Amino acid sequence: REATGLDLALSADAASARRRLTDGRTAAAARRVAELPGRDTAFVGRDPERAEVAELLARPGPALTTLLGPPGVGKTRLALEIAREQRALGAFPDGAHLIDLGSIEDAAALPSRVAAALGADEAPSDDAALEQVAARLAGADALLLLDNAEHLASASAVFARLAAACPDATLLVTSRERLGLEAERVYPLRGLAYPDRDDVPLDEALAFGAVELFVRRAERVAPSFE
């Protein structure tokens with residue numbers, strides 16, 4: 001029964017069957033490694049953005065969506081919240097993985113970084129790493145959250161190769177620059193909404209995401225804040 005759940009055909013020999021089943025368990029565990037980090041503070045606002053980006057991720061066809069925006073606007077936080085919500089709703093049953101690209105200097109190393117995040121052994125070359133990624137994500141309904149990609153945007157061909165290698169997976173990229181791919185879906189992200197005039201009543205002002213975020217942060221450093 002366990003072998004059936006792992007989609008394994010076992011031989012009649014008991015010893016061989018046990019070895020095959022052990023390998024299957026290991027592979028299944030590897031597909032679950034390095035998923036999303038926990039949330040340290042409550043998420044504020046962004047209801048329209050969360051719904052719209054989730055709809056983009058659910059569209060059929062080449063699935064690479066770029067959250068585009070200036071530094072500090074909240075791209076990573078929004079991407080993580082969307083990933084958590086979608087996982088809670090049953091999307092991406094084969095996992096969601098956060099992969100920080102900020103420390104990569106050469107875009108050619110992108111497949112190796114993704115392979116490592118998926119639990120693969122170190123590959124002898126970037127091409128071999130891409131093959132590992134393709135093998136691990138073959139038929140997998142998974143989400144790869146590629147964070148801080150702006151310094152690699154000029155090497156868009158590497159992202160195109162990655163997307164082609166795992167057509168069943170969904171790629172969500174955060175970047176300050178477009179990747180410039182033909183199949184790229186770009187979602188521009190702006191700052192949180194705030195009142196456009198000074199005489200807004202307090203209860204109305206608190207409905208704006210920027211005001212709510214300010215209040216929450218103020219209460220953290222000054223519990224008596226009103």
Side-chain angles (χ1 to χ4, degrees), residues 35-59 62-87 92 96-110 113-114 117 143-163 169-198 200 204-221:
E35 287 211 16
L36 304 175
R39 186 193 297 111
D40 56 354
T41 57
F43 189 83
V44 174
R46 299 284 194 199
D47 291 345
E49 292 93 334
R50 285 146 70 181
E52 290 165 4
V53 175
E55 191 273 330
L56 286 177
L57 297 179
R59 287 184 185 178
L64 188 150
T65 301
T66 300
L67 275 179
L68 183 70
V73 78
K75 299 183 295 295
T76 301
R77 190 69 189 272
L78 175 60
L80 281 170
E81 190 66 16
I82 292 168
R84 293 188 188 102
E85 287 180 346
Q86 293 305 301
R87 287 281 281 152
F92 311 118
H97 308 271
L98 172 65
I99 305 167
D100 186 6
L101 307 182
S103 61
I104 295 181
E105 297 181 359
D106 184 356
L110 174 61
R113 177 60 58 87
V114 175
L143 175 68
L144 300 183
L145 202 173
L146 306 173
D147 195 28
N148 298 314
E150 52 275 346
H151 62 298
L152 307 175
S154 60
S156 58
V158 178
F159 288 91
R161 290 182 63 207
L162 177 63
T170 299
L171 277 60
L172 178 58
V173 180
T174 71
S175 178
R176 303 175 195 175
E177 305 288 341
R178 295 171 182 261
L179 300 181
L181 301 178
E182 182 178 352
E184 180 184 14
R185 299 164 180 161
V186 177
Y187 189 91
L189 187 63
R190 298 174 178 82
L192 288 167
Y194 60 90
D196 58 1
R197 65 184 200 278
D198 294 337
V200 176
E204 293 183 20
L206 290 172
F208 288 87
V211 178
E212 182 184 357
L213 180 62
F214 171 80
V215 170
R216 286 177 179 269
R217 295 297 180 266
E219 289 174 340
R220 288 186 67 186
V221 297

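Just so you know, these numbers come straight off a predicted model, no measurement behind them.
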Original post:
What's the verdict on side-chain contact (heavy atoms from CB on, under 4.5 Å) for L143 and Q86, showing C-alpha distance, side-chain angles and the deciding distance?
Top reply: CA-CA 10 Å; L143 175 68; Q86 293 305 301; over 6 Å; no
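In this structure, L189 CG and L68 CG are separated by 9.0 Å, a value rounded to the nearest 0.5 Å. Atom CZ of residue R46 and atom CD of residue E52 lie 11.0 Å apart, to the nearest 0.5 angstrom. Within the model, atoms OH of Y187 and CD1 of I82 stand 8.0 Å from one another, a figure rounded to the nearest 0.5 Å. In this structure, CG on L162 lies 8.0 Å from CG on L64, to the nearest 0.5 angstrom. A distance of 10.0 Å separates CG of D106 from NE2 of H151, quoted to the nearest 0.5 Å. The CG atom of L145 sits 7.5 Å away from the OG1 atom of T76 when rounded to the nearest 0.5 Å.
In terms of modelled atom types and a separation under 3.5 Å, the side chain of E184 and the main chain of L179 share a donor-acceptor contact. Not a single donor-acceptor pair under 3.5 Å links the side chain of T66 to the backbone N or O of V186. At distances below 3.5 Å, not a single donor-acceptor pair connects side-chain atoms of K75 with backbone N or O atoms of L67.
Open room surrounds CD on E105; 12 or fewer heavy atoms of other groups in view lie less than 6.0 Å from it. Crowding of E204 atom CD: a count of heavy atoms from other residues, nucleotides or ligands under 6.0 Å exceeding 12.
Within the 4.5 Å cutoff, the side chain of I99 has heavy atoms near those of the R113 side chain. In this structure the side chain of V114 reaches within 4.5 angstrom of the side chain of L146, judged on heavy atoms. With contacts defined as side-chain heavy-atom distances shorter than 4.5 Å, the pair L192/V211 does not qualify. Considering only heavy atoms from C-beta on, E150 stays 4.5 Å or farther from P71 through its side chain.
Listed by chain and number, the residues in a side-chain contact (heavy atoms from CB on, under 4.5 Å) with E81 are R39, F43, R50, R84, E85 (sequence neighbours excluded).
Listed here is the closest heavy atom pair of A153 and E177: CB-CB, 3.9 Å. The shortest non-hydrogen separation linking V200 to A205 is CG1-N, 3.6 Å. Taking each heavy atom of A149 and S175 in turn, the nearest pair found is C-OG, 3.9 Å. Minimum interatomic distance between D100 and N148 (heavy atoms only, all atoms of both residues): OD1-ND2, 3.0 Å. The shortest heavy-atom contact between A193 and F208 is O-CB, 3.5 Å.
Inspection of the T65 and R59 side chains reveals no N or O donor paired with an N or O acceptor under 3.5 Å.
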